[in-house]
Amino acid sequence: MVQIIDKKLLPKILTGEKNKFESNVGELIFKGIPSSPGLAMGKAYVLKPDNVVVRPKKIPQDKIPNEVERFDSALQVMVKDITDALEKVKGESPNVVAILETNLMILNDEIIINSVKERIFKGISAESAVIQEYDQQEQFIKKSKDNILKERSFELEHLKERLLATLRNKVISYTIPEGSIVIAQSITPTDVVNFKDAKVLGIITEAGGIASHSSILARSFEIPSVIGIKDLTWFINNHEKVIIDGYAGIVTVNPPDSSIETYKTKKAKEEDHKRELGELVKLPAETLDGSQIKIMANIDFPEEIEAAVIAGCEGVGLVRTENLVISLKSFPDEEVQYKWYNEITERAYPNPVILRAFDVGSDKYAEGMPMLEKNPALGFRGIRFLLHRDDIFRKQIRALLRASRNKNLKIMLPMISSVNEVEDSFKIIQECKKELEGNSIPFDNDVPVGIMIETPAAAFMADRFAKLVNFFSIGTNDLTQYTLAADRSNEMVTDIYDTFHPAVLNLIKNVIDVAKSNKIPVSVCGELAGNAAATGLLVGLGIEELSVTPPMILELKKRIREMKFKKAKKLAKEILECNSYIEVCKKLAIF
Ligand code: PEP
Ligand code: MG
């Protein structure tokens with residue numbers, strides 16, 4: 001992971017002198033995992049791990065009550081620390097509060113407290129009892145197949161270290177100078193709250209997971225953060241200049257003037273962008289009369305998630321996985337796919353991500369198809385290709401399932417037109433689950449599976465599909481092409497290809513109504529969703545979820561916040577009665 005640019009340093013590192021660098025040794029660039037987006041430059045504040053080594057220590061019988069008392073009061077100090085931190089985050093999102101409450105719950109866990117005391121009663125010191133009990137709990141959690149639970153083992157480790165330090169009256173306290181970039185081996189959620197208070201500019205850690213509570217908090221507080229840079233605390237001294245790029249996961253130590261200039265340009269752009277977006281980012285997409293609309297992002301590559309997050313989306317409503325095939329010019333193996341999908345779900349965590357199975361064929365990846373079709377848009381595309389080449393489909397499903405273990409992934413099937421396509425796909429998904437189970441590979445057994453509604457057949461038979469699947473996503477690009485029999489990529493029929501055609505709109509209305517009566521979520525992920533002129537109409541038709549390209553997120557939010565649902569509903573009703581798209585457009589123009 002560590003990329004050392006300045007080769008002069010290598011001999012020193014190899015001879016173990018790595019912590020004795022003078023400053024101005026030259027630029028060092030490290031690549032880690034981006035865990036909270038944003039850019040910052042500041043002075044390093046290195047939190048060295050407090051290496052408390054405790055050997056099992058026998059306690060004479062008469063000293064046992066004293067040990068129990070020491071443990072109780074250390075516990076009280078810690079509980080007070082976290083309760084104070086909780087006080088500081090009043091009014092933050094429920095996530096933030098829940099994280100600290102989890103820490104409190106662990107500390108106050110009766111079973112753990114009693115086990116520690118039982119160990120002390122057997123004649124060992126409070127420190128040894130804490131180590132034994134917390135280590136045992138940690139081992140137990142680490143064996144869990146649940147990745148999120150595994151992440152929690154970091155927290156047990158931190159709580160243990162703090163308890164030990166507190167027991168030795170070494171309450172870990174630090175006064176961080178304002179404008180610092182903290183570099184630590186690992187941190188607790190309580191630390192992150194304190195960092196926010198101390199106006200820390202960035203957080204870099206050696207350990208940690210993107211789904212850990214500390215990472216979630218850094219994202220909530222908008223503190224740029226990079227994690228997973230092994231041994232970093234050895235390479236940086238206090239007060240050295242550091243640039244952190246939480247979008248790309250890059251940390252630059254002792255940047256030369258040229259890197260500082262590049263940083264300043266990027267930072268100015270970031271600030272301009274944020275200013276433009278203003279307060280909208282944090283405000284909900286809610287109509288004046290209180291209807292909530294979820295705005296999700298359509299993304300094509302993992303890097304795009306950052307822009308979507310900055311714009312305040314609530315998840316990813318469509319990932320066109322065929323882009324991976326198109327960019328590689330071949331179907332990638334399971335491992336490559338797994339890494340790609342996993343990166344996307346981890347970057348978006350805890351928000352949900354809908355990954356669509358390869359929609360190859362038609363105008364997408366035609367070179368890889370078995371034969372040149374005369375009319376590819378009506379041919380061997382999407383689910384038709386996948387069910388025929390089930391070797392490719394199975395590999396993808398296995399990779400998707402593996403990336404689902406954090407429970408924020410949903411699978412979507414493209415180009416569905418018949419019920420049997422869904423049934424056959426489900427059979428394959430079930431078989432893949434069995435295989436993974438047989439190999440003890442973790443995945444989300446309840447991973448939601450939904451379908452694109454992009455053929456008139458699927459739209460007409462939405463009521464049958466609704467009984468089989470977990471969600472619908474309306475693909476207006478293809479729905480328009482197939483409903484109006486107008487090739488979406490043929491410039492000769494652009495006048496005919498119009499998504500505002502009443503036939504398309506009436507199909508959309510049917511799908512929304514069916515989804516609602518069957519209580520399954522429905523979104524629109526085609527281009528119509530990102531067309532600001534259509535927002536009122538879609539909201540009026542009853543849509544509650546839109547998935548659009550990241551740059552459109554705030555524009556739509558603005559529109560939604562300025563409209564009334566009641567008025568939009570009335571407009572939608574009138575529009576459904578229109579005879580032509582020209583009539584529709586006239587009505588929309590005056591809305
Ligand atoms: C659609 O058809 O509307 C859609 C979102 O899918 P694609 O554009 O990838 O075909
Ligand atoms: Mg489509």
Side-chain angles (χ1 to χ4, degrees), residues 295-301 304 308 313 315-327 344 353-366 368-369 373 375-386 396 410-418 421-422 425 450-459 462 465 469 471-490 493-494 497-501 503-505 507-508 511-512 515 521-531 534-535 537-538 541 543 545-550 552-553 556:
I295 306 189
M296 317 279 280
N298 286 355
I299 65 155
D300 292 323
F301 291 98
E304 287 175 85
C313 77
V316 176
L318 171 66
V319 181
R320 292 178 166 98
T321 62
E322 58 275 10
N323 284 312
L324 184 59
V325 184
I326 294 165
S327 61
I344 295 175
V353 176
I354 299 178
L355 282 135
R356 183 175 72 184
F358 298 140
D359 183 21
V360 290
S362 191
D363 56 337
K364 299 180 207 169
Y365 193 57
M369 307 308 286
E373 296 173 273
N375 201 347
L378 296 181
F380 205 48
R381 173 184 177 185
I383 200 69
R384 304 169 184 185
F385 170 81
L386 292 172
Q396 182 172 33
K410 302 180 190 188
I411 298 174
M412 181 149 73
L413 306 171
M415 267 297 281
I416 294 289
S417 55
S418 301
E421 289 165 341
V422 174
S425 303
I451 56 169
M452 289 286 295
I453 302 279
E454 52 187 345
T455 65
F465 288 110
V469 303
F471 63 90
F472 287 158
S473 189
I474 306 174
T476 48
N477 308 338
D478 279 315
L479 189 60
T480 304
Q481 143 163 288
Y482 297 126
T483 305
L484 302 180
D487 187 339
R488 64 192 261 193
S489 50
N490 180 347
V493 289
T494 41
Y497 178 94
D498 199 311
T499 306
F500 289 107
H501 192 294
V504 180
L505 301 179
L507 281 178
I508 295 175
V511 177
I512 295 171
V522 56
S523 66
V524 174
C525 67
E527 293 309 295
L528 186 68
N531 183 339
T535 315
L537 169 63
L538 289 171
L541 288 174
I543 207 75
E545 206 171 303
L546 295 168
S547 191
V548 301
T549 53
M552 282 310 295
I553 292 174
L556 293 196

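Remember, it's 1-based here, ligands and their atoms both numbered in the order they're listed. Only heavy atoms go into these numbers, but all of them, side chains included; no hydrogens, no water, no symmetry mates.
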Engineer: Could you check if a side-chain atom of Ile354 sits within less than 4.5 angstrom of a side-chain atom of Phe471, using non-hydrogen atoms only?
Structural biologist: yes
Engineer: Does any part of the side chain of Leu355, heavy atoms only, come nearer than 4.5 Å to the side chain of Lys410, both counted from C-beta?
Structural biologist: no
Engineer: Does a side-chain heavy-atom distance below 4.5 Å link Glu454 with Met415?
Structural biologist: yes
Engineer: So is there a nitrogen or oxygen of Arg488 less than 3.5 Å from a nitrogen or oxygen in ligand 1?
Structural biologist: yes
Engineer: Could you list the atoms of ligand 1 found under 4.0 angstrom from a heavy atom of Gly475?
Structural biologist: 1 (C), 2 (O), 3 (O)
Engineer: Taking ring-ring contact (aromatic ring centres under 6.0 Å, His included) as the test, write out the residues that go with Phe358, two or more places apart.
Structural biologist: Phe331
Engineer: Mind checking whether Arg381 contacts ligand 1 via backbone (N, CA, C, O), side chain (CB onward), both or neither, at a 4.0 Å heavy-atom cut-off?
Structural biologist: side chain
Engineer: Under the 3.5 angstrom rule, does the side chain of Tyr482 hit a backbone N or O of Ala377 as a donor-acceptor pair?
Structural biologist: yes
Engineer: Closer than 4.0 angstrom, basic N to acidic O: yes or no for Asp478 and Arg488?
Structural biologist: yes
Engineer: Specify side chain, backbone, both or neither for Glu527, according to which of its non-hydrogen atoms lie closer than 4.0 Å to ligand 1.
Structural biologist: neither
Engineer: Against heavy atoms of Glu454, which atoms of ligand 1 measure under 4.0 Å?
Structural biologist: 1 (C), 2 (O), 6 (O)
Engineer: Please identify each residue that fulfils side-chain hydrogen bond (donor to acceptor under 3.5 Å, both in side chains) with Asp300, with sequence neighbours left out.
Structural biologist: Asn323
Engineer: Any heavy atom of Met452 closer to ligand 1 than 4.0 angstrom?
Structural biologist: yes
Engineer: Any idea which N/O/S atom from Asp478 gets closest to the Mg ion (ligand 2)?
Structural biologist: OD2
Engineer: Going by the order shown, which atoms of ligand 1 are within less than 4.0 Å of some heavy atom of Arg320?
Structural biologist: 4 (C), 5 (C), 6 (O), 7 (P), 8 (O), 9 (O)
Engineer: For Arg356, is at least one N or O under 3.5 Å away from an N or O on ligand 1?
Structural biologist: yes
Engineer: Report, in ascending order of atom number, the atoms of ligand 1 lying under 4.0 Å from any heavy atom of Gly526.
Structural biologist: 3 (O), 5 (C)
Engineer: Do Leu324 and Phe301 have side-chain heavy atoms sitting under 4.5 Å apart?
Structural biologist: no
Engineer: Output yes if Glu454 passes the N/O/S-under-2.8 Å test against the Mg ion (ligand 2); output no otherwise.
Structural biologist: yes
